[in-house]
Amino acid sequence: MATPNSVFSLTGFARRLVDERVLDESQVTRLQADSSLQSKSFYHRLIDSQLLAPEQLTLLGSEEFGVPILDVRALNLQEAPASLIPMRMIQDNSVLPLYSRGTKLFVGVADPADSKILDDIRFQTGMGVESILINPEHLRKAIEVVGDQQNSALSDLENLEELDDIDMAVDEQESAASPTDHEVNNDTPVVRFVNKLLLDAIRKGASDIHIEPFELYTRIRMRIDGILNEVARPANAVTPRIVARIKILSRLDIAERRVPQDGRMKMRLTRTHSIDFRVSTLPTLFGEKVVIRILDAAQAKLGVEALGFETAQEKVFVEAMHRPYGMILVTGPTGSGKTVTLYTALQELNSPDLNICSVEDPVEINVEGINQVTINERANLTFAIALRAFLRQDPDIVMVGEIRDLETAEIAIKASQTGHLVLSTLHTNDAPSTLTRLLNMGIEPFNVASSVHLIIAQRLVRKLCEHCKEVANIPDNALLKAGFSTEDLNDLTLFKAVGCDQCTRGYRGRTGLFQVLPIGEEISNLIMRGGNETDVEEIARQQNVLDLRQSGLLKAKAGLTSLEEIERVTNS
């Protein structure tokens, strides 16, 4: 039985535990003595003792110290700004930055009585700090997870032996490797991490990987279905080793960090299937940013029917690409799928009895049976010079990566007028504006009218996940405003993105939206008369040519994508 004097000698949280009969006096007195000897707070010693269940201790601590409680298991730890303070400080003090709001940082703590660590974090980050009490057991597991993330999961890869067996093409003709080369090539955890990063990107269907160093952390993002998603935040100390490994695989100069560099590498998945990667480095304030473009030749082998054309559009495209001469132009912004469309056409046309040549900057997909040339400005190998060389080599089909200037445009048009089929791209918003762009370049109207046979404008939209999409309830006035007709509303069912473990934010994969504009006699005559873009659009409407928005509405009506996605991509 405790005496009044002994109980009175206990203070603060220790006294409360005895008063509320959570622990007896002897236990509390012993814990206080131990905490004094170990230079720990009483609360910290209480955590170590495990005399109370973590849930009970957290609740009592919140009431005593007035600190809010949070279940850390509900948070996405990949988004936690843990890199704001050193990992050693996090692990040694059982604290974890959870999120920030402006200049204020909210930190999860197991011990609400430890004010010194909060002062240290304020000094380290220069931010205001607010503590949030976390169940000690849950906080310990969260710190383990974040520790793995911050270390780029390198330690987790030690036992993944299969990552050593990936066939990555490295330049074997290099001269004697520098010590840095040797160190990176034998840095097994980094080798495995880079291999895992590339494999994950392929499995997720990513088109690009971005490695971006900042002052306090490095961010790795993947562009999946056209949208960037953060996948990791490796420690800054590891980043130079990761970048060096990628540069070695890409045959770049790892000692040169002051200027941008471009390279390529290849991963062989099977005997018949390999993936090419185009690598670009860029010096930034806190290190080299690396962007890896993933180029899968298998995408261009799926056939025209896999691109997403409507039935009538596909028929027009196939007829145009089987003509013996003329020009087909594919237009749209970067990342809209123009290259895949052109390569799909080349794959359809590729046969032993045809001489096919392509010139690109750079060659993105290697296709057997096609003579492919990469632009080299330093060696004065430009689009125009390559095109002139092609025409001396008896080509049947010529593909020009992009028409950028008047000289290239004139040579391409001349080739299309002299018995060659020419395929190329332009950066314009839609099909009618492509004709205006050519005229503004300085091409004579009669040359445009006689050479261009088909213009395709395209965009890529994300497809709804078939596993989780749900019916969307959209008001009729919103549907009419979006472009649906009154007749469409009678049997219209649209779907919305939800999200599940089979997809990314409710979407999985992409398909194309197309405006396929054949240049027939009526539009040719209009060009010759000096007609403008608006006049071409009017004729296209009269000929029932779908614009990008109308093509998108058909995709939404068919349940392939959402109206929200169509609004995002067509932007009207």
Inset, instruction - May I ask you to check whether over 12 heavy atoms, not counting those of Gln502, lie within 6.0 Å of atom CD? - result: yes
Legend entry - Test: Lys196 and Asp200 ion pair at under 4.0 Å: yes
Legend entry - From CG (Leu387) to NE2 (His420), nearest 0.5 Å: 10.5 Å
Legend entry - Pair Leu454-Ile519, side chain to side chain contact (heavy atoms under 4.5 Å, CB included): steps then yes or no: CA-CA 6 Å; Leu454 182 69; Ile519 308 301; over 6 Å; no
Inset, instruction - Classify the side-chain pair Asn229/Arg505 by whether it contains a donor and acceptor separated by less than 3.5 Å. - result: yes
Using distance only, find each side-chain donor-acceptor pair of residues 316-323 under 3.5 Å and give its atom names and separation, not counting sequence neighbours.
unit_1	atom_1	unit_2	atom_2	d
His322	ND1	Val318	O	2.9
Arg323	NH1	His453	ND1	3.4
Arg323	NH2	His453	ND1	3.4

Legend entry - Heavy-atom pair of closest approach, residues Leu423 and Ala345: CD2-CB, 3.9 Å
Legend entry - Separation between CG of Leu479 and CG of Leu563, rounded to the nearest 0.5 Å: 6.5 Å
Inset, instruction - For the pair Asp535 (side chain) and Asn532 (backbone), establish whether a donor and an acceptor sit closer than 3.5 Å, ignoring hydrogens and angles. - result: yes
Legend entry - Polar contact flag, side-chain donor to acceptor under 3.5 angstrom, Ser562-Tyr507: yes
Legend entry - Expected output: side-chain Asp276 to main-chain Arg293 donor-acceptor under 3.5 Å: no
Legend entry - N-O pairing of Glu256 and Lys247 below 4.0 Å: no
Inset, instruction - Indicate yes or no for a side-chain donor-acceptor contact from Lys338 to the backbone of His427 under 3.5 Å, with no hydrogens or angles considered. - result: no
Inset, instruction - Specify the closest pair of heavy atoms between Met265 and Ser250, including all atoms of both residues, with the distance to one decimal. - result: SD-OG, 3.8 Å
Inset, instruction - State plainly whether the residues Asp361 and Arg404 are in salt-bridge range, i.e. N to O under 4.0 Å. - result: yes
Legend entry - Side chains of Glu360 and Thr374 in contact at under 4.5 Å (non-hydrogen atoms): no
Inset, instruction - May I ask you to decide if Ser358's main-chain N or O and Gln372's side chain share a donor-acceptor pair within less than 3.5 Å? - result: no
Inset, instruction - Check the surroundings of atom CD in Glu564: do more than 12 heavy atoms from other residues, nucleotides or ligands lie under 6.0 Å from it? - result: no
Inset, instruction - Walk me through it: do Ile292 and Leu198 pass the test side chain to side chain contact (heavy atoms under 4.5 Å, CB included)? - result: CA-CA 9 Å; Ile292 304 172; Leu198 299 177; 4.2 Å; yes
Legend entry - Heavy-atom check, side chain of Leu329 versus side chain of Met327, under 4.5 Å: yes
Legend entry - Residue pair Ser524 / Ser450, side-chain heavy-atom distance below 4.5 Å: no
Inset, instruction - Evaluate the criterion side chain to side chain contact (heavy atoms under 4.5 Å, CB included) for residue pair Thr382 and Asn376; output intermediate values, then yes/no. - result: CA-CA 7 Å; Thr382 63; Asn376 188 341; over 6 Å; no
Inset, instruction - To the nearest 0.5 Å, tell me how far Thr561 OG1 sits from Lys469 NZ. - result: 9.5 Å
Inset, instruction - Under the salt bridge (Lys or Arg N to Asp or Glu O under 4.0 Å) rule, what do Arg437 and Glu533 come out as? Steps first, then yes or no, please. - result: CA-CA 10 Å; Arg437 173 75 186 280; Glu533 184 178 324; over 6 Å; no
Inset, instruction - Using a 4.5 Å cut-off on heavy atoms from C-beta on, say whether the side chain of Val279 contacts that of Asp262. - result: no
Legend entry - Short side-chain to backbone donor-acceptor contact, Asn355 and Asp394, under 3.5 Å: yes
Legend entry - Rounded distance [0.5 Å steps], CG in Asn429 versus OG1 in Thr434: 9.0 Å
Legend entry - Nearest non-hydrogen partners of Leu489 and Phe484, listed with the distance: CD2-CB, 4.4 Å
Inset, instruction - Report the C-alpha distance between Met222 and Thr504 in whole Å, list the side-chain angles of each, state the deciding distance to 0.1 Å, and finish with yes or no for side chain to side chain contact (heavy atoms under 4.5 Å, CB included). - result: CA-CA 12 Å; Met222 294 182 186; Thr504 303; over 6 Å; no
Inset, instruction - Mark yes or no for whether Ser551, through its side chain, and Leu548, through its backbone, hold a donor-acceptor pair below 3.5 Å. - result: no
Legend entry - Residues that Arg221 engages under salt bridge (charged side-chain N to carboxylate O under 4.0 Å, His left out), provided they are two or more places apart: Glu212
Legend entry - Distance in Å, Glu410 CD paired with Leu438 CG, rounded so as to fall on 0.5 Å steps: 11.5 Å
Inset, instruction - Would you please indicate if the ring centroids of Phe286 and Phe214 are separated by under 6.0 Å? - result: no
Inset, instruction - Indicate yes or no: at least one non-hydrogen side-chain atom of Phe514 is less than 4.5 angstrom from one of Ile456. - result: yes
Inset, instruction - Establish, from distance only, whether the side-chain atoms of Thr570 and Arg549 form a donor-acceptor pair under 3.5 Å. - result: yes
Legend entry - Under 3.5 Å: donor-acceptor pair, side chain of Ser336, backbone of Pro333: yes
Legend entry - Presence of salt bridge, Glu565 and Lys496, under 4.0 angstrom: no
Inset, instruction - Give a yes or no answer on whether the side chain of Asp430 reaches the backbone of Ala457 with a donor-acceptor pair at less than 3.5 Å. - result: no
Legend entry - Non-hydrogen side-chain atoms of Arg568 and Arg462 separated by less than 4.5 Å: yes
Inset, instruction - Scan side-chain atoms only and decide if Gln458 and Thr341 contain a donor-acceptor pair under the 3.5 Å cut-off. - result: yes
Legend entry - Rounded distance (nearest 0.5 Å) linking atom CG of Asp396 with atom CG of Leu349: 10.5 Å
Inset, instruction - May I ask you to test the Arg510-Val569 pair for a side-chain heavy-atom distance under 4.5 Å? - result: no
Legend entry - Validation row: Ile209, Ile294 side chains within 4.5 angstrom (heavy atoms): yes
Inset, instruction - Answer with yes or no whether the side chains of Asn447 and Gln417 bring together a donor and an acceptor at under 3.5 Å. - result: yes
Inset, instruction - Output yes when Lys557 and Asp488 qualify as a salt bridge under the 4.0 Å nitrogen-oxygen rule, no when they do not. - result: yes
Legend entry - Under 3.5 Å: donor-acceptor pair, side chain of Thr281, backbone of Gln261: yes
